[in-house]
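Chain letters run A, B, ... following the sequence lines, proteins first, then strands; residues in each count from 1. Since this is a predicted model, take the numbers as computed values, not measurements.
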Protein chains: 2
Amino acid sequence: MNGVSILKVAELAGVSTATVSRALAGKPSVSAATRARVEEAAQSLGYVVSATASGLASGRTRSVGIMMPFLNRWFFTSVMSGAHRVLTDAGYDVTLYHCEPNRLDDIHGTENDRRARLFQESLLRRRVDALLLVTLSLTATERDRLRALGKPVVAIDRPQPGIPTFAVDNLTVARSAVTHLLDLGHRDIAYVGGVIPYDLDFQVPVLRRAGYDAAMAEAGIPVRSHRAHDGDFTSAGGFDAAMRVLTEGTTRPTAIFVASDEMAYGVLSAAAALGLRVPEDLSVIGVDGHPTGDVLGLTTIDQHPAEQGATGARALLGELEPDAEHPPAQTQLPFELIVRRSTAPLQTSR
Amino acid sequence: MNGVSILKVAELAGVSTATVSRALAGKPSVSAATRARVEEAAQSLGYVVSATASGLASGRTRSVGIMMPFLNRWFFTSVMSGAHRVLTDAGYDVTLYHCEPNRLDDIHGTENDRRARLFQESLLRRRVDALLLVTLSLTATERDRLRALGKPVVAIDRPQPGIPTFAVDNLTVARSAVTHLLDLGHRDIAYVGGVIPYDLDFQVPVLRRAGYDAAMAEAGIPVRSHRAHDGDFTSAGGFDAAMRVLTEGTTRPTAIFVASDEMAYGVLSAAAALGLRVPEDLSVIGVDGHPTGDVLGLTTIDQHPAEQGATGARALLGELEPDAEHPPAQTQLPFELIVRRSTAPLQTSR
DNA sequence: GTGAAAGCGCTAACAA
DNA sequence: TTGTTAGCGCTTTCAC
């Protein structure tokens, strides 16, 4: 019923349990011959160290936590997937924490018990050695609680004060997307973003909007407010926002920069619903590198989310090793413009 | 650095550590007054029980494992998400295991070390009290290893011999989809499925294909082989399969049943690429209930994946309680036809 | 390079 | 109802 204990291995190998522990942990102070005998004994008995016992004795659990605000959205799970691979290959298990975003309409913080429990209970159970935060906005209190854990913490995609962060430069990402449209001759460029429903301080949409504003300003093009609307990072939200962007006012934009691919699918659909041809009547560019963008011909900026997760995980593993240097405070990750058929030069004959 | 220990709580509350343990575990044999004092002491000290210590002493880790073949595909993460919610609300942590599918071209099982390590090492670390398998095909050996753990195991979506399973009836799902098309007057109905790349024994596509065959047979319509092609459960695969389905032979099907929504996006795109209007020239129906299907107007069969995960998790929690009855060997979950604008009555004037 | 022994922080008999 | 005590299965000094 229970697994084989270290004692059996010690007996079979004719050594003490201390030696078995050392040998299996790869400690240097074990002779090659002994190590071989121990490994063979362990192998033949199917012995695997008990996570709880080892964790209690050593204080290290060999598991790391990944915290994300959404458990089933492509970007987040892709980051997670990349991190998971790196961590499990290094012998760590992964515990998944769902950190529910604080909603804008709950600005007084009276709700979100689940999030409170996460920081006040779950993390204190000391089940993990380190934590990877994916696109999370923390309050100062939450950051203090994390710090109090005394464990390595790394953030992906959303810089946190005092926490090493790996992210693309979202402002530059957005600027690059808009610049692509500008280079194609577009001037009347709309923005579909996604600030609305979540997180008090969800920075990514803000930065993408800022990049849009910056690129337009550099091109000397004024941005009118009815040219920017919020989807909520869903296809349906993108559809609604695009319907407004494309029907408000007396003229129509010739291009739209959409802050995520999944919203862009909704934008493409809205264009079709209005009888607009893409890219002849309207150019559309997204962000993320979502795989369905391929068949839909969506031009996008791929930010390689799985690689982001892998990079964050490697930084964590580095910190977990006693004598490794700490990761830099903030590291910028690469991204890549992928031109497909949803963007084209401005048609001058309109 | 380390958390507060049970001893401090005991001192502050003026009781023994055993009583603290009992009180905090909600054991009945504690007086209301004592319990209150203990809880207050724990609260004021910010005490949370150590997962490792509690796990070692009790043999229960209060964590459950979720095993899935893909960590970043919508269906799987949705199931996971539903299960995660139920489990964390019940006070359990979730450890995520990636069980890499065995590829068809690796039929001799010489590779896939990661999968081997999962069953021969990770699971033996006894980090979890129970296991939820999402759409997994196990070998007999793997099943034996799971059984040897002596822990509750529940499967979602893919029946496993000897393991309680929750799933939609995939044959009926497929049959319903095809029947919807038949009811609209279609006779020449193609199939885009997805057997190719993974898992020796990946049953879902097989069942969906069987449902298609059955519905067609019942309608007395022969199925010709060039009317069925495999995508690989990706949009790109769906696109390629549809291109073949729509261009091979001298006539074109008037409808396509696609075994997943994400493939169906590729099918819609292929239709557009060929200048076919949906639904006027071609009806398309998918399966899953993927959210982007909403804006794309994709008719589908929603199988409520998050609910599937929640249901599986509840069954596991039931088994974790000593005196609960075991879940039934196989339970069929509901699904729902959602008619949108990608399907329409057969146009007789062609 | 290896062993003896003392915990790690809890839980679960067993007593009282 | 509560306290005492013996582990749970490892890791890690400290000796040798």
Within this structure, what is the [atom1]-to-[atom2] distance between [X] and [N], rounded to whole angstrom?
X: B:Lys8; N: C:dC10; atom1: NZ; atom2: P; result: 12 Å
X: A:Arg37; N: C:dT2; atom1: CZ; atom2: C1'; result: 11 Å
X: B:Arg62; N: C:dC10; atom1: CZ; atom2: P; result: 15 Å

request  = Under the side chain to side chain donor-acceptor pair (under 3.5 Å) rule, collect the residues that match up with A:Asn72, sequence neighbours excluded.
outcome  = B:Ser78
task = State, yes or no, whether a side-chain contact exists between B:Val64 and B:Thr95 at a heavy-atom distance under 4.5 Å.
result =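 The answer is no, as the side chains (C-beta and beyond) never meet within the 4.5 Å cut-off.
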ask   = Can a side chain N or O of B:Ser29 be found less than 4.0 Å away from OP1 or OP2 on D:dT2?
value =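 Negative; the distance criterion is not met.
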query = Is any side-chain N of the basic residue among A:Arg125 and B:Asp93 closer than 4.0 Å to the acidic one's carboxylate O?
reply =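 Looking at A:Arg125 and B:Asp93, the cut-off is met.
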query = Do NZ/NE/NH1/NH2 and the carboxylate oxygens of B:Arg115 and B:Glu142 come within less than 4.0 Å?
reply = yes
ask   = Between A:Ser63 (side chain) and A:Arg127 (backbone), is there a donor-acceptor pair under 3.5 Å?
value =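 Indeed, once roles are kept as given, a pair shorter than 3.5 Å links the two residues.
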task = Check the angle between the aromatic planes of A:His98 and B:His84 and answer parallel, tilted or perpendicular using the 30° and 60° thresholds.
result =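 Ring orientation of A:His98 relative to B:His84: perpendicular.
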query = Tell me, for nucleotides 8-16 of chain D in 5' to 3' order, what letter each nucleotide earns: B for a base near a protein heavy atom under 4.0 Å, S for only sugar-phosphate near one, - for neither?
reply = BBBSBB---
